[in-house]
A.B. asks: 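One structure follows; several queries about it will come next.
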Protein chains: 2
Amino acid sequence: MHNLAISIRISDDLFIKDPESTNLGKRIISESIALLDELGFEAFTFKKLGAAIGSPESSVYRYFESKHKLLIYLVCWYWSWIEYKIVFGTINKSSDMERLKTAIEILTKPIKVDNAFIHVNEVLLNKIVVSEATKVFHTKEVDKENDQGYFAVYKRIVQRVSQLIMTINPDYKYPNMLVTTVIEGAHQQVYFADHLPSLTDKKRGKNRVYNFYTEMVCKMIS
Amino acid sequence: MHNLAISIRISDDLFIKDPESTNLGKRIISESIALLDELGFEAFTFKKLGAAIGSPESSVYRYFESKHKLLIYLVCWYWSWIEYKIVFGTINKSSDMERLKTAIEILTKPIKVDNAFIHVNEVLLNKIVVSEATKVFHTKEVDKENDQGYFAVYKRIVQRVSQLIMTINPDYKYPNMLVTTVIEGAHQQVYFADHLPSLTDKKRGKNRVYNFYTEMVCKMIS
DNA sequence: TGGAGAATGATAGTAATACTATTATATTTG
DNA sequence: CAAATATAATAGTATTACTATCATTCTCCA
């Protein structure tokens, strides 16, 4: 169908050798997604990943310095992909309010596969982001890694949506708080639905996360 | 001042030997809080903790099975303490709305030391909860640990506040989502203010987290 | 007061993890 | 076809997250 000549560009600092540049690199990406989903970040090791792709762990280390950096790489990839979806999804909308609602939809509704990137399973990657992404910045190295620019894409998405909000209501006081509350909250509700259902409201149907956070944004900025 | 004969009761499953029952146990608690704050969960080890209290790591293992269980213990202790503050803080209020606002205040405003528990520094413990608590349930063992009841206190707090909301507005559709969004969001905003300031709205002053989430709850349930 | 039982200390050991290093063998490319 | 590059195969290291054992100290109560 639509096979665009688009590739997601990730900061050079996140890898030793660009995994997009070789076959082995792409297998590292696709298998690490599968394995991270299966084992979780703690039990995931480069040795196991090596076994999964039929290569020694030393080969993986030629692409990524550590499993932590690999996780950041994947999360960055995810947010870059989301940013691209937001940009292209909002470009043709006729009002800021419509643009805002589309952005929230992309950020809160379940993910669908995107065949434009064959070695990345976006549905699994979203699951990983939902369950593991907090570990990316909840470490003692946050400040250093923030200085390195690892969280730039995420921050840019927040800025974009905040700016939409500020266009709609220039007096609104807490645009960043509202946007991060929505983005992180949405992931949290999905995780709770799977593992701690009493912490969410599962009965409210399939679009409850989208409905809840859309209503939240509308009420807050009006 | 007020030195109540109250002690926080934690589920037996979280420790091998009750740390409240001995002097060494209490030192394990107080030093683990200091060390976790200093090193972060990843760099924290029982060996280092042993060194800090002048005991071999094997002694620490007589109290806690693993550093993960110790973290859960501390987080549980924290939420039990918060629950006690909510219960006693709301008991004398004259309306449900006042009770709700008090609960939100306790959940979103900065923590002050509580001299009732000498071996626990609640301010540090709150910092640990803010930076490390997501690791408690973002593991592959969530479901098992949930079955063991490790998250009961947290869930009970969510239920309490949800019920307050439902008393005020029995038609409100998403009480649990709203409450968890507030609790987790408040911690997140504090973490962002320290490490990723562009993701929050620091300019909005000291009570911005409380103000933002109080406004959110009021607007959402009205 | 003395002795049993419990708590702690001292020390050792193990499998796994998160790497680094080295050399040999493919594979690509000019 | 040679040179450069990528990968495989293998080994090694410090640290982690434990478990095990035995000696010492403390405590409490008969």
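A note on names: the letters A, B, ... follow the listed sequences, proteins ahead of strands, and every chain is numbered from 1.
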A.B. asks: Look at B/K140 together with B/E145 and state whether they make a salt bridge at an N to O cut-off of under 4.0 Å.
C.D. replies: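 B/E145 and B/K140: not salt-bridged.
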A.B. asks: May I ask you to list the residues of residues 19-44 of chain B, by number, that have any heavy atom positioned under 4.0 Å from an atom of DNA chain C?
C.D. replies: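 Residues of residues 19-44 of chain B under 4.0 Å from DNA chain C: B/T22, B/L24.
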A.B. asks: For A/L71 and C/dA18, what is the distance between atoms CG and P respectively, to the nearest whole Å?
C.D. replies: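 It is 13 Å, rounded to the nearest whole Å.
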A.B. asks: So with a 6.0 Å cut-off around NZ of A/K47, is the heavy-atom count from everything else above 12?
C.D. replies: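 Atom NZ in A/K47 is not crowded, with 12 or fewer foreign heavy atoms closer than 6.0 Å.
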A.B. asks: Output the rounded distance in Å from CG (B/L70) to C1' (D/dC18).
C.D. replies: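 That distance rounds to 15 Å.
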A.B. asks: My understanding is that only one of A/Y61, A/F64, A/Y63 makes a ring pair (Phe, Tyr, Trp, His ring centres under 6.0 Å) with A/F46; could you say which?
C.D. replies: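 It is A/Y61, the one option of A/Y61, A/F64, A/Y63 that forms the ring pair (Phe, Tyr, Trp, His ring centres under 6.0 Å) with A/F46.
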A.B. asks: Any Lys/Arg nitrogen of B/K135 or B/E42 sitting under 4.0 Å from an Asp/Glu carboxylate oxygen of the other?
C.D. replies: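 Looking at B/K135 and B/E42, the cut-off is met.
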A.B. asks: Whether A/E83 and A/R156 form a salt bridge (side-chain N of Lys/Arg under 4.0 Å from carboxylate O of Asp/Glu) is what I want to check.
C.D. replies: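 Salt bridge present between A/R156 and A/E83.
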A.B. asks: Expressed in angstrom and rounded to an integer, what is the separation of A/L49 atom CG from C/dA16 atom C1'?
C.D. replies: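 It works out to 17 Å between those atoms.
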A.B. asks: Report, one pair per line, the protein and nucleotides 19-29 of chain C atoms (nitrogen or oxygen only) whose separation is under 3.5 Å.
C.D. replies:
from   : atom 1 : to    : atom 2 : distance (Å)
C/dC19 : O5'    : A/E65 : O      : 3.4
C/dC19 : N4     : A/E57 : OE2    : 2.7

A.B. asks: Whether A/K67 engages the ring of A/F41 as a cation-pi pair (distance to the six-membered ring centre under 6.0 angstrom, angle to the ring normal within 45°) should be assessed.
C.D. replies: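 The answer is yes, since A/K67 meets both limits relative to A/F41.
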A.B. asks: Hey, does B/K17 reach any base, or is it just sugar-phosphate, or nothing, if we go heavy atoms under 4.0 Å?
C.D. replies: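 Contact class for B/K17: sugar-phosphate only.
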A.B. asks: Knowing that exactly one of B/L74, B/I8, B/I157 qualifies, which makes a side-chain contact (heavy atoms from CB on, under 4.5 Å) with B/W79?
C.D. replies: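 With B/W79 as partner, side-chain contact (heavy atoms from CB on, under 4.5 Å) holds for just one option, B/I157.
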A.B. asks: Does B/S55 put a side-chain nitrogen or oxygen below 4.0 Å from OP1 or OP2 of C/dG9?
C.D. replies: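 So the side-chain polar atoms of B/S55 do come within 4.0 Å of the phosphate oxygens OP1 or OP2 of C/dG9, strictly under.
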A.B. asks: I'd like to know if A/K144 pairs up with A/E141 as an ion pair, taking the criterion as any Lys NZ or Arg NE/NH1/NH2 lying under 4.0 Å from an Asp or Glu carboxylate oxygen.
C.D. replies: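 Not counted as a salt bridge, because no side-chain N and carboxylate O are separated by less than 4.0 Å.
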A.B. asks: Students often get this wrong, so: under 4.0 angstrom with heavy atoms, is A/Y63 touching a base, only sugar-phosphate, or nothing?
C.D. replies: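 Answer is sugar-phosphate: A/Y63 comes under 4.0 Å of backbone atoms only.
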